[in-house]
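Values below: all heavy atoms of this structure, side chains included; hydrogens, waters and symmetry mates excluded.
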Number of protein chains: 2
Amino acid sequence: MLGIQEVARQLDVTMRTLRFYEDKGLIAPQRVGTTRIYSRREIARMRLILRGKRLGFSIREIKEFLDLYDVDPEHVAQARQLLMKIGERVSALRKQKRAIDQTLEELRLLERQALTLIDGAATARNDDENKHDD
Amino acid sequence: MLGIQEVARQLDVTMRTLRFYEDKGLIAPQRVGTTRIYSRREIARMRLILRGKRLGFSIREIKEFLDLYDVDPEHVAQARQLLMKIGERVSALRKQKRAIDQTLEELRLLERQALTLIDGAATARNDDENKHDD
DNA sequence: TCAATTCTTTCCCTATACGTCAAGATAAAT
DNA sequence: ATTTATCTTGACGTATAGGGAAAGAATTGA
């Protein structure tokens, strides 16, 4: 049973973030008076949330997972929805990668153009110098 | 030389978007009085902008790109700077790709877990049915 | 017991990429 | 000349994921 500050430090998030997720209904720490107290369960939930974030899911999507998790102790329905979302995410990421590759290709082109230009200028300068050498 | 509406239709964007990009300094159509007039150059720039958008870049990033194209490659020093910026861009994009690959890897893991769980549940259900079949 | 922390809620702020009015100003058409 | 159409600027709205500061309540330490 930890205070908000301790949890924030352990998870490397700010207290604001913990309150924010609570406000969004992702966690619900107990209270002692008005003060928030985090059980091991809440912290485990937070770790799930943070992983979801790392994987690029929105808070709303993460909430959907968690809600389902609560309603479905068998986890089967949850797993199915998770699979769907994973599929979406994977194809989005692959699309992003293709876009990056195209851009890299374009940049390589532009790079070659710049190099050619610089090289051309250097050659012209050398020609000029050689002319003086005559 | 086209009016804003015609350009918007040709490029399939709204007039608001054209004004927005102008406000952000990405394009600078001429004016006849207060009315915007788009030359072929502006439209070409717009096509570059839209390509950047399709590739998932922010407007700020696209502006940097356009500024790069603007760095008139007549001058060698400017071409060198162009090369530098291209280098930065390339390594940024490669880093992004690596991040995406890591995320994809994690997603694959999660996917396998979900599949295993669903499969396990199905197997359990079938066992249950078979039990009834006895 | 009094002051210093800690914690709380509330509210406004940020950035991104426009959408959506609103109110004027022009321009074209009749 | 007047209506209608087009264009202009300005400003507020939207979603996301919190940041930051104010101001009051509760706890802790000397």
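- By the side chain to side chain donor-acceptor pair (under 3.5 Å) test, B:R19 is found to be paired with no residue, residues two or more places apart in sequence or in another chain being considered.
- Contacts with DNA chain C (heavy atom under 4.0 Å) in residues 88-98 of chain B: none are found.
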If you look only at distance, which donor and acceptor atoms sit under 3.5 Å apart when one is on a side chain in residues 81-88 of chain B and the other is two or more places apart or in another chain?
none

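- As rounded to whole Å, 16 Å separates atom P of D:dT6 from atom CG of B:L18.
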Restricting both atoms to N or O, compile the protein contacts to nucleotides 13-19 of chain D shorter than 3.5 Å, with distance only.
residue : atom : partner : partner atom : Å
D:dT16  : OP2  : A:R60   : NH2          : 3.4
D:dA17  : OP2  : A:I59   : N            : 3.4
D:dG18  : OP1  : A:K53   : NZ           : 3.2
D:dG18  : OP2  : A:Y21   : OH           : 2.5
D:dG18  : OP2  : A:K53   : NZ           : 3.1
D:dG19  : OP2  : A:T14   : OG1          : 2.7
D:dG19  : N7   : A:R16   : NE           : 3.1
D:dG19  : O6   : A:R16   : NH2          : 3.0

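- Rounded to whole angstrom, the span from the CE atom of A:M15 across to the P atom of C:dT5 amounts to 15 Å.
- Rounded to 10°, the helix from C:dT1-D:dA30 to C:dT30-D:dA1 has 20° between the axis fitted to its first five pairs and the one fitted to its last five.
- Residue pairs meeting the ring pair (Phe, Tyr, Trp, His ring centres under 6.0 Å) criterion with at least one member in residues 32-64 of chain A, sequence neighbours excluded: A:F57-A:F65.
- Proximity of A:Q5 to the phosphate of C:dT6: no side-chain N or O atom is located under 4.0 Å from OP1 or OP2.
- In terms of the side chain to side chain contact (heavy atoms under 4.5 Å, CB included) criterion, B:R40 has no residue partners (sequence neighbours excluded).
- For A:S58, the side chain to side chain contact (heavy atoms under 4.5 Å, CB included) partners are A:R60, A:E61, not counting sequence neighbours.
- In this structure, CD1 of A:I4 is placed 16 Å from C1' of D:dT27, rounded to the nearest angstrom.
- Of the residues in residues 35-49 of chain B, those placing a heavy atom less than 4.0 Å from an atom of DNA chain D are B:T35, B:R36, in numerical order.
- With sequence neighbours excluded, the residues that form a side chain to side chain contact (heavy atoms under 4.5 Å, CB included) with A:K95 are A:R98.
- Put simply, CZ on A:R19 is 16 Å from P on D:dA22, counting in whole angstrom units.
- Taking the side chain to side chain donor-acceptor pair (under 3.5 Å) definition, one finds that B:K97 meets it with A:D101, sequence neighbours left out.
- Legend: salt bridge (charged side-chain N to carboxylate O under 4.0 Å, His left out) pairs involving residues 108-119 of chain A, not counting sequence neighbours, sorted by first then second residue: A:E105-A:R108.
- For C:dT9, the OP1/OP2 oxygens have a side-chain nitrogen or oxygen of A:R31 closer than 4.0 Å.
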